Trainee: 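For reference, the structure I am asking about is given below.
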Protein chains: 2
Amino acid sequence: MNAPIPSEAAASIAAVERDTGLAKDTLRVWERRYGFPAPARDANGERLYPPEQVEKLRLIRRLIDHGKRPARVVGASIEELVAMLDECLCPQAGAAGREDGLLELVRLHRSAELAVALRQALMKQGLQRFVADTVAPLAAAVGEAWMRGEVDVPEEHLFTEQVQNVLRGAIGAHATHEGRPRVLLTTFPEEEHVLGLLMAEAMLVPEGVACLSLGTRTPLADIRSAALGGGFDIVGLSFSVAYPARQAIDGLLELRALLPDTIAIWAGGAAVRDKHKRLPGIRVVGGLDDTLAALRDWRAEHP
Amino acid sequence: MNAPIPSEAAASIAAVERDTGLAKDTLRVWERRYGFPAPARDANGERLYPPEQVEKLRLIRRLIDHGKRPARVVGASIEELVAMLDECLCPQAGAAGREDGLLELVRLHRSAELAVALRQALMKQGLQRFVADTVAPLAAAVGEAWMRGEVDVPEEHLFTEQVQNVLRGAIGAHATHEGRPRVLLTTFPEEEHVLGLLMAEAMLVPEGVACLSLGTRTPLADIRSAALGGGFDIVGLSFSVAYPARQAIDGLLELRALLPDTIAIWAGGAAVRDKHKRLPGIRVVGGLDDTLAALRDWRAEHP
DNA sequence: AAATCAGTTTGTCCAGGACAAACGACAAAA
DNA sequence: TTTTGTCGTTTGTCCTGGACAAACTGATTT
């Protein structure tokens, strides 16, 4: 799976920023403060990061996304980092484990079989159960394996693509444009993950909800104008694990202030879980099944 | 459509980088050299960009993506910039104009009607003609209107989402996993636009090609390992207008060196058009119909 | 349990200098 | 005419080292 790479002995600071998601300023200040990373320099004095340091930075990034603090992880060895990752993940280990070997198909690049298996599961379970019982656990398992470094970029991309193909096809087949409520789905500009949105849409569409997804990365002001201009009843936002909780809360409160009270705001995803108290006027959706509960509540209040 | 925005009088340098795609370093050095932008400062001495300067920066960004150089555009007034944009776009104006008012549906947020109209066109024309005659001109028209500032973020997102829904559904319905050649589709890490890939996939799948799309933003080394591990015959890359030509060429040549000669590389999109001479060993695909020509050529050489 | 507060950690911003890659224009060679 | 080479200019990115506010930690009080 990982054939050795002949060229590319070292990466520039821009390449490391792209590959790890750590800002150039952050990389430089870590070097100054912690002595890591410790890149070589080229003839012009510019940083050259060896691949193993980039790999370690990737591990560190994942740990920080899960709440660890830099001082605790930057000094650690690779083995210690892997051990910390295991510790992070054990609590959730029960959730995975029984997704029918689909994860194996992802890991082995069996894309054709994965596509077939996903479609079969969809047919057997129906869209909502398929999303809640198959796609969501599988996405969690892939995310977890990604954290551990057991899947790499193409495997994760492959998984996302195949799931998108299946879900978008199924959502398109429902095609309800007339129902109520009217829901606008999107993410904030820093959030790139699209699967959360698609899963939410797939849960809502079979209930006769008129969903419109704008995809990812919509600026706040544009969310507002789209919501007002389109006559929507609800704006739904999705946040992945990696999204900073503080930023999510600030953004949501700002959006709440930008929208009239007649438009509800629903927020879902790991970054806002259990943040209900700090989000007055916003419905925190705890999971996919809670989406349906939220829908029931809304309909009870809007007869 | 653009209701006035109450809050947000000014944006931080990080927000401007996100909204315009211009790096923080670039924004500072323009200020130093050209005197524009000229942001205010907050109590802490940090830059605060007023909205109209951000808007002007967006115009400038688009002009630079189309080949203009900063010194020529940074000093100009908004009116002059708009005039330059018109000049840039007139040559292509003939291409748009007859896409059945679909552009109007995008502009007016008539998402439901847009979805219906797209599906109707797909049924009427078949997948390949639908892509080449409807989606591609419409995408060009949206890109052009985006350049002129006539559509904004939510409208462009809406368009992309609806087209993705239709295309992915249609592609999934074909579901050929056994054919030849086997084609791996993706983009380089800096490229985010996914429609080019989907259109290529939609052209190839009806021909019995086994396509696998990894989506956007795959690192070079991962493209290599995926191509080798999956037994692919062809790797297809897509580049949008905004992609720097030099970077595309360097990346393609590097990838060419990473892959055995038995695996062909196809490159398509505005950034590589007419760059055939500088890309030995790479098939430059000039347009969607040329994709089919490339496929015929490949099949002629691999009986 | 929840709120307050001091101390520490940490990411982002700033200034101004440097340099190589990319560009434009013009001249020489095919 | 087209291609190739040269040279000055433009332009984006990188560098150093300092500063500061926001976020977090943990002890203390309500």
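Note: hydrogens, waters and symmetry copies are ignored here, and every other heavy atom, side chains too, is used. Here the structure is a predicted model, which means the values were calculated and not measured. Protein chains get the first letters and strands the later ones, always in sequence-line order, with residue 1 at the start of each.
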Trainee: For D/dC15, take OP1 and OP2 only and decide whether either is under 4.0 Å from a side-chain N or O of A/R47.
Mentor: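 It does, given that an N or O in the side chain of A/R47 lies less than 4.0 Å from OP1 or OP2 of D/dC15.
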
Trainee: Tell me: CD1 of B/I64 to P of C/dA22, nearest whole Å?
Mentor: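 For the pair B/I64 CD1 and C/dA22 P, the rounded distance is 16 Å.
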
Trainee: Look at the side chain of A/R33 and the backbone N and O of A/A71, then say whether any donor-acceptor pair between them is shorter than 3.5 Å.
Mentor: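 Side chain of A/R33 to backbone of A/A71, a donor-acceptor pair under 3.5 Å: no, none is there.
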
Trainee: Rounded off to whole Å, could you give me the CD1-to-C1' distance for the B/I13 and C/dC14 pair?
Mentor: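 Result: 9 Å.
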
Trainee: Between B/T218 and A/H157, is any side-chain donor less than 3.5 angstrom from a side-chain acceptor?
Mentor: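 Yes.
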
Trainee: Does a side-chain N-to-carboxylate-O contact under 4.0 Å join A/D25 and A/R28?
Mentor: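 Between A/R28 and A/D25 there is a salt bridge, with a charged N closer than 4.0 Å to a carboxylate O.
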
Trainee: Kindly give the atom pairs (protein nitrogen or oxygen, nucleotide nitrogen or oxygen) under 3.5 Å for nucleotides 1-8 of chain D.
Mentor:
none

Trainee: Can you check whether B/S77's main-chain N or O pairs, donor with acceptor, with B/E80's side chain at less than 3.5 Å?
Mentor: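 Pair found, side chain donor or acceptor close to backbone of B/S77.
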
Trainee: Tell me if a side-chain donor or acceptor on B/R256 pairs with a main-chain N or O of B/G281 at a distance below 3.5 Å.
Mentor: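 Between the backbone of B/G281 and the side chain of B/R256 there is a qualifying donor-acceptor contact (under 3.5 Å).
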
Trainee: Is A/R273 salt-bridged to A/D290, cutoff N-O under 4.0 Å?
Mentor: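 A/D290 and A/R273: not salt-bridged.
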
Trainee: Using whole Å, what does the distance between atom P of nucleotide D/dT13 and atom CG of A/L48 come to?
Mentor: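 Distance check: A/L48 CG to D/dT13 P gives 18 Å.
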
Trainee: With no angle test and no hydrogens, is the base of C/dG11 tied to the side chain of A/R28 by a donor-acceptor pair under 3.5 Å?
Mentor: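 Checked by distance alone, the answer is no.
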
Trainee: Separation of A/D65 atom CG from C/dG11 atom C1', in whole Å?
Mentor: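 Those two atoms, CG and C1', are 14 Å apart.
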
Trainee: Does the distance from a Lys or Arg side-chain N to an Asp or Glu carboxylate O, for B/R58 and B/E55, drop under 4.0 Å?
Mentor: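 Yes, B/R58 and B/E55 are salt-bridged.
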
Trainee: Verify the contact: side-chain N or O of B/K24 to OP1 or OP2 of C/dC13, cut-off strictly under 4.0 Å; return yes or no.
Mentor: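 So the side chain of B/K24 is within the cut-off, an N or O lying under 4.0 Å from OP1 or OP2 of C/dC13.
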
Trainee: Side-chain N or O of B/Y34 versus OP1/OP2 of D/dT11: is the shortest distance under 4.0 Å?
Mentor: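 Yes, such a contact exists.
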
Trainee: Which residues in residues 67-77 of chain B have a heavy atom closer than 4.0 Å to any atom of DNA chain D?
Mentor: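 Here the set is B/R69, B/P70, B/A71.
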
Trainee: What is the separation between atom CD on B/Q247 and atom C1' on C/dA22, rounded to the nearest whole Å?
Mentor: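 Interatomic distance, CD of B/Q247 to C1' of C/dA22: 13 Å.
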
Trainee: Does a side-chain N or O from B/T26 land closer than 4.0 Å to OP1 or OP2 of D/dT13, or not?
Mentor: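 Yes, because at least one side-chain N or O of B/T26 sits under 4.0 Å from OP1 or OP2 of D/dT13.
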
Trainee: Considering every strand and a 4.0 Å limit on heavy-atom distances, what is the contact class for B/R246: base, sugar-phosphate, or nothing?
Mentor: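 Sugar-phosphate contact only - B/R246 comes under 4.0 Å of backbone atoms but never of a base.
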
Trainee: Could you check how far CZ of A/R33 sits from P of D/dT16, rounded to whole Å?
Mentor: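 Checked: the CZ to P distance equals 15 Å.
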
Trainee: So, is B/R41 near the phosphate of C/dA15, with a side-chain N or O under 4.0 Å from OP1 or OP2?
Mentor: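 Answer is yes, contact under 4.0 Å.
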
Trainee: Is B/E144 paired with B/R148 through a side-chain N to carboxylate O contact shorter than 4.0 Å?
Mentor: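 Salt bridge between B/R148 and B/E144, a charged N being under 4.0 Å from a carboxylate O: yes.
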
Trainee: I'd like to know whether CZ of B/R278 has more than 12 heavy-atom contacts from other residues, nucleotides or ligands below 6.0 angstrom.
Mentor: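 Incorrect, the count does not exceed 12.
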
Trainee: DNA chain D: B/N44 or B/R32, which has the more 5' nearest nucleotide?
Mentor: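 Final value for this comparison: B/R32.
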
Trainee: To the nearest angstrom, how far is A/I249 atom CD1 from D/dA23 atom P?
Mentor: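 Value for this atom pair: 10 Å.
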
Trainee: Give the intermediate values and the outcome of side-chain contact (heavy atoms from CB on, under 4.5 Å) for residues B/Y243 and B/T187.
Mentor: CA-CA 11 Å; B/Y243 202 93; B/T187 72; over 6 Å; no

Trainee: May I ask you to say what B/D25 touches in the nucleic acid, namely base, sugar-phosphate or nothing, with a heavy-atom cut-off under 4.0 Å?
Mentor: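 Result for B/D25 = base.
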
Trainee: How many Å lie between CH2 on B/W30 and C1' on D/dT11, as a whole number?
Mentor: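 Going from B/W30 (CH2) to D/dT11 (C1'), I get 10 Å.
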
